[in-house]
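Each remark here refers to the structure printed beneath this line.
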Amino acid sequence: MRPNVPDTPAWNALVEHAEELGEFDLRAAFAADPERASAMTVDGADLTLDYSKHLVTADTMSLLVALATEADVEGHRAAMFGGEHINATEDRAVLHTALRAPADVSMSDAADSGENVVDDVHDVLDRMAATATRIRDGEWLGHSGESIRTVINIGIGGSDLGPVMATAALAAFTADHLDTRFVSNVDGDDLGEALRGVDLARTLFIVASKTFTTQETLANAGEARARLVEYFDGDDSAVAAHFLALSTNAEGVAAFGIDTDNMFGFWDWVGGRYSLDSAIGMSLMIAIGPEAFRAMLAGFRAMDEHFLNAPLERNLPVLMGVLGVWYRNLLGLSTLAVLPYVNDLARFPAYLQQLDMESNGKRIRLDGEPVVGETGPIVWGEPGTNGQHAFYQLLHQGTTVVPADFIGVLQPHHDIGEHHDLLMANLFAQTEALAFGKTADEVRAEGVAEHLVAHKTFPGNRPTSTLIAPKLSPHLLGQLVALYEHKVFVQGVIWGINSFDQWGVELGKVLAKRLVAEIQADDPAPVTSHDSSTNALVERYRAARRARLG
Ligand code: F6P
């Protein structure tokens with residue numbers, strides 16, 4: 001069966017190649033070529049990618065790179081870095097790479113007569129650094145004159161996942177005397193728990209919202225503000241010393257009651273899921289300090305430079321991008337597991353879910369036509385070795401093949417006992433077992449009873465990338481995030497979609513607004529305006545709500 005992919009020379013060559021390749025066998029491929037691992041290992045900045053355990057030959061990779069060339073990844077890359085409005089459905093430039101550009105680099109929104117946005121980026125960074133330093137040094141005083149001990153970031157999606165992920169990833173670099181908490185969910189239990197035990201006199205709230213219209217964030221920020229004012233006996237002026245805002249919407253910030261002197265801005269050319277390295281990273285900067293934050297930005301930049309300059313066949317984001325296309329479009333595999341053998345990267349898969357799935361979960365191309373074939377994968381994962389004791393059974397013996405990215409570092413922060421050896425041994429063991437499995441004959445040779453042989457056989461040929469880095473530092477984290485940003489970009493270009501809008505989140509938001517009004521209406525008449533399922537669910541909740549509120 002021909003996979004359902006576009007009819008262009010490079011696609012057609014790949015389809016033919018996939019058919020010829022048939023059942024690819026990693027054991028045979030490694031046996032036939034002792035140089036396979038070295039030929040398929042590539043460095044980019046401080047990261048090393050070993051993609052030799054993928055179901056590909058050198059020819060596959062050449063054809064995939066030819067596909068990237070045919071899709072004009074290089075032209076699109078130049079357009080992105082050049083500030084062209086590649087986010088066409090929102091008529092916006094996509095310039096998150098300007099957020100980590102050194103001060104002597106000039107970048108501009110192509111529609112904005114060449115004004116250098118990098119100057120604005122550095123102005124905001126300098127202001128952030130000055131404020132973060134005052135907070136860290138105990139010089140920023142709360143309304144009653146006490147220094148800050150707890151920072152609570154209130155935001156959701158891109159205004160939460162990046163700082164949450166990075167604060168955990170860089171835990172080893174965070175200040176001991178500051179407690180950083182995050183509130184995202186409109187479930188009151190999230191805010192309730194975040195406020196548990198905090199001394200409001202020593203708490204700084206950071207309201208992070210690109211649009212400053214997001215229902216969940218405004219509900220949480222409004223409640224936090226009310227609690228603070230109540231704590232200070234109704235004195236509204238306390239807000240100035242306890243609230244910062246991170247946003248592109250100065251009017252919304254002012255309307256909410258936060259002085260715009262306490263606002264750190266960014267721009268509509270920064271997508272929410274690409275905003276960790278903008279003002280949205282303020283809670284992280286306070287936690288790790290401006291110097292470490294700038295080191296992270298330099299890491300982002302190092303990967304940007306690799307993406308810009310390395311030839312496509314040795315370009316990490318391109319290689320990871322085209323491998324994803326191979327599995328999604330040619331082999332029909334729908335998910336990607338990201339499995340960090342770095343516990344501090346526990347939230348990295350969740351971060352990547354938004355980055356990848358909100359960017360490439362699209363079914364209409366930029367030209368308005370439906371896509372042909374599949375687009376973005378379902379991204380999921382948990383740190384190893386924990387995942388091994390949960391879902392790896394399916395990875396090894398399930399009926400679904402799951403391509404996976406394994407991520408490991410050579411140096412731990414806490415060099416405890418033989419822990420790091422055990423951790424890395426597990427990483428290598430898993431990719432080896434997934435690739436080469438265990439044949440029925442090998443199982444039999446161990447004397448296993450015949451009725452158990454099939455149960456104990458491992459099919460192998462389960463594809464993985466191994467990404468190795470020296471140590472999880474701010475610089476390395478920046479590289480890692482930029483690597484995945486650019487991987488997602490490469491795939492979006494090949495699929496012809498806009499990776500930078502997110503219309504798919506809108507319908508639910510609109511319906512939720514309507515439902516809130518219906519749920520809270522005094523009218524006792526039953527709700528009938530929806531389908532029978534939704535009507536009944538709303539009615540059930542309204543009855544419980546009446547009982548709850550009396
Ligand atoms: O609903 C999706 C979304 O728009 C994301 O793209 C964004 O990161 C998140 O909501 C939060 O948006 P904001 O930063 O504007 O509050």
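These figures come from a predicted structure and were not determined experimentally. When a ligand or atom number is given, it counts from 1 through the structure's own listing order.
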Atoms of ligand 1 less than 4.0 Å from [X] heavy atoms?
X: Ile156; value: 9 (C), 11 (C)
X: Gln354; value: 5 (C), 6 (O), 7 (C), 8 (O)
X: Ser209; value: 13 (P), 14 (O), 15 (O), 16 (O)

In the protein, what heavy atom is nearest to [atom], and what distance, to one decimal place, separates them?
atom: atom 12 (O) of ligand 1; value: Thr214 OG1, 3.5 Å
atom: atom 8 (O) of ligand 1; value: Gly158 N, 2.7 Å
atom: atom 4 (O) of ligand 1; value: Lys509 NZ, 3.6 Å

Should [X] be counted as touching ligand 1, given the test is an N or O pair under 3.5 Å?
X: Gly272; result: no
X: Arg273; result: no
X: Glu358; result: yes

- Message: Less than 4.5 Å apart, side chain to side chain, heavy atoms only: is that true for Gln502 and Glu90?
- Response: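 Contact flag for Gln502/Glu90 side chains = yes.
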
- Query: Do the non-hydrogen side-chain atoms of Trp495 and Glu374 ever get within less than 4.5 Å of each other?
  - Reply: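 Sidechains of Glu374 and Trp495: no contact.
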
- Message: Residue-level breakdown please: for Thr211 versus ligand 1, do any non-hydrogen atoms fall below 4.0 Å on the side chain, on the backbone, on both, or on neither?
- Response: both

- Would you indicate whether Glu291, at its atom CD, is surrounded by more than 12 heavy atoms from other residues, nucleotides or ligands within a distance under 6.0 Å? no

- Parallel, tilted or perpendicular: which describes the rings of Phe307 and His486, with under 30° parallel and over 60° perpendicular?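 Parallel: the ring planes of Phe307 and His486 meet at under 30°.
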
- Using 30° and 60° as the class limits, which term best fits the ring planes of Phe500 and His96: parallel, tilted or perpendicular?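 The rings of Phe500 and His96 sit tilted, inter-plane angle from 30° to 60°.
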
Is a salt bridge present between [X] and [Y], judged by a nitrogen-to-oxygen distance below 4.0 Å?
X: Asp501; Y: Lys362; value: yes
X: Arg227; Y: Glu230; value: no
X: Arg149; Y: Asp179; value: no

- Please state whether Glu216 comes within less than 4.0 angstrom of ligand 1, counting heavy atoms only.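 It does not, in that no heavy atom of Glu216 comes within the 4.0 Å cut-off of ligand 1.
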
- Query: Out of curiosity, is Glu506 lining ligand 1, as in a heavy atom under 4.0 Å away?
  - Reply: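 The answer is no: ligand 1 sits nowhere under 4.0 Å from a heavy atom of Glu506.
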
